[in-house]
Amino acid sequence: MPLLVEGRRVRLPQSAGDLVRAHPPLEERARLLRGQSVQQVGPQGLLYVQQRELAVTSPEDGSISILGSDDATTCHIVVLRHTGNGATCLTHCDGTDTKAEVPLIMNSIKSFSDHAQCGRLEVHLVGGFSDDRQLSQKLTHQLLSEFDRQEDDIHLVTLCVTELNDREENENHFPIIYGIVILSSRTAVNIKTAEIYRASFQDRGPEQELRAARALTGGPMISIYDAKTEQLRIGPYSWMPFPHVDFWLQQDDKQILEKHPVQNGYLSFWMDETTASERRAGCERRFCSTVLSTTDRLHETI
């Protein structure tokens, strides 16, 4: 069935800008979201979703009341919600395999929604910017197209992606919004129309390094949370040998950042933002350390 906006079929393909101009309510919601102040979110009740992860929960969850993600540059953060029972899925998509990931997102919500008597599926897309390599534009197109191909009616409620999430400074382009949260508990303003907020996070755990290492080794998108048992679960994963890991462990933040495939111009932004640069470089370094220490333990076992 089709992807819908205000009950009307979305005409695809078209750019995000053309799409919101054809549907003024989408443009207004994107404007309001961009205009929000960034909320600092603490760890209480939060499940942080990293790149190539998804998590789904419901208002019945006694442990998780907030789903969130950030550090999205060309990536998109996707929220799919069933308005009847409040089941909510948040995922951080990077375009690795969008065709396989969208059905995974759909199935995660359907596992909660089979017995819902009423309600509809609503999707929110946030992230990306006008990058030179047009990775954001490609991912926006992939996500819209794949949701349009699903069997169920899906109502597009928020679209703040690519050129709609772009700012220009000194002839370089940057995202406006890097992260969002959505409240999934009954304490939210309205369980049927849960609000999305701009956010940044004090804590990106639990097990941030372990989860980041899994993503950096090229693993597929996975569901990290079992809402029925209220447990975070990261399954086994493997990686190919990491060449010259000892060399990279000796490099400073600047060297690591310069070798990381970041959008031209955006690199200088990371370098100017001390906290952000330390976080990105630190993630790379911790990954190397994780791989090296795990490999050492394996050698000791052998």
Side-chain angles (χ1 to χ4, degrees), residues 12-22 26-27 30-31 33-35 38 49-53 69-78 91-102 124-147 156 158-180 198-200 212 215-218 220-221 248 251-284 287:
L12 296 173
Q14 60 177 316
S15 69
D18 289 340
L19 182 54
V20 298
R21 282 187 285 272
L26 280 181
E27 189 167 23
R31 184 188 67 80
L33 186 59
R34 290 193 302 267
V38 178
V49 178
Q50 295 193 20
Q51 186 170 330
R52 223 172 300 149
E53 292 181 346
S69 187
D70 69 350
D71 284 347
T73 51
T74 58
C75 294
H76 290 17
I77 301 171
V78 179
T91 184
H92 189 130
C93 297
D94 61 6
T96 299
D97 190 358
T98 307
K99 188 173 183 179
E101 292 167 357
V102 168
H124 309 260
L125 306 179
V126 180
F129 67 111
S130 297
D131 62 283
D132 292 342
R133 293 179 292 170
Q134 297 191 334
L135 298 177
S136 301
Q137 292 89 329
K138 180 180 178 181
L139 182 52
T140 296
H141 171 71
Q142 289 175 344
L143 286 167
L144 291 172
S145 298
E146 290 304 322
F147 276 113
L156 180 60
T158 303
L159 186 69
C160 190
V161 296
T162 314
E163 62 260 49
L164 305 174
N165 189 43
D166 182 80
R167 67 180 179 88
E168 188 173 353
E169 183 179 328
N170 297 325
E171 299 184 353
N172 291 314
H173 291 263
F174 308 96
I176 297 172
I177 301 173
Y178 293 92
I180 61 171
R198 293 181 62 180
S200 64
L216 288 168
T217 57
M221 179 173 288
W248 287 110
Q251 305 309 303
D252 58 22
D253 289 358
K254 184 176 181 180
Q255 289 295 321
I256 293 175
L257 287 166
E258 285 180 349
K259 299 301 181 182
H260 196 281
V262 181
Q263 167 71 17
N264 290 338
Y266 187 66
L267 175 60
S268 62
F269 172 77
W270 280 108
M271 294 304 297
D272 290 341
E273 296 289 328
T274 303
T275 301
S277 68
E278 289 177 348
R279 184 166 69 244
R280 175 62 65 90
C283 181
E284 296 288 331
F287 167 63

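Just so it is clear, the structure is predicted and the values come from calculations on it, not from any experiment.
Of the possible polar contacts, one joining the Asp94 side chain to the Thr96 backbone as a donor-acceptor pair under 3.5 Å is found. Looking at Arg34, its side chain never comes within 3.5 Å of a backbone N or O of Asn165 through a donor-acceptor pair.
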**OP:** For side-chain contact (heavy atoms from CB on, under 4.5 Å), just list the numbers for Ser136 and His76, CA-CA rounded to whole Å, side-chain angles, deciding distance to a tenth of an Å, and then say yes or no.
**Re:** CA-CA 8 Å; Ser136 301; His76 290 17; 4.3 Å; yes
**OP:** Could you walk me through whether His173 and Asp131 pass the side-chain contact (heavy atoms from CB on, under 4.5 Å) test, one step at a time?
**Re:** CA-CA 7 Å; His173 291 263; Asp131 62 283; over 6 Å; no
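Going from atom CG of Asp70 over to atom SG of Cys75 covers 11.0 Å, rounded to the nearest 0.5 Å. Taken from CZ in Arg133 to NZ in Lys138, the straight-line distance is 11.0 Å, to the nearest 0.5 Å. Residue Asp97 holds its CG atom at 9.0 Å from CD of Gln142, rounded to the nearest 0.5 Å. Going from atom OG1 of Thr158 over to atom CG of Leu33 covers 7.0 Å, rounded to the nearest 0.5 Å. To the nearest 0.5 Å, atom CG of residue Leu164 and atom CG of residue Leu125 are 11.0 Å apart. Between Cys160 atom SG and Asp166 atom CG the span is 10.5 Å, to the nearest 0.5 Å.
Smallest separation of non-hydrogen atoms from Leu139 and Cys93: CD2-O, 3.5 Å. The minimum heavy-atom distance between Leu156 and Leu26, with the atom names listed, is O-CD2, 3.7 Å. When all heavy atoms of Glu53 and Val49 are compared, the pair lying nearest together is O-CG1, 3.2 Å. In this structure, Ile77 and Gly179 approach most closely via the heavy-atom pair CD1-CA, 4.0 Å. When all heavy atoms of Pro175 and Phe129 are compared, the pair lying nearest together is CG-CD2, 3.6 Å. In terms of heavy-atom proximity, Gly17 sits nearest to Val20 at O-CG2, 3.2 Å.
The shortest distance between side-chain heavy atoms of Thr91 and Glu101 does not fall below 4.5 Å. For the pair Leu144/Leu19, a side-chain contact is recorded, criterion being any heavy-atom separation below 4.5 Å from C-beta on.
Tested against His92, the residues Gln50, Gln51, Met221 include a single side chain to side chain contact (heavy atoms under 4.5 Å, CB included) partner, Gln51.
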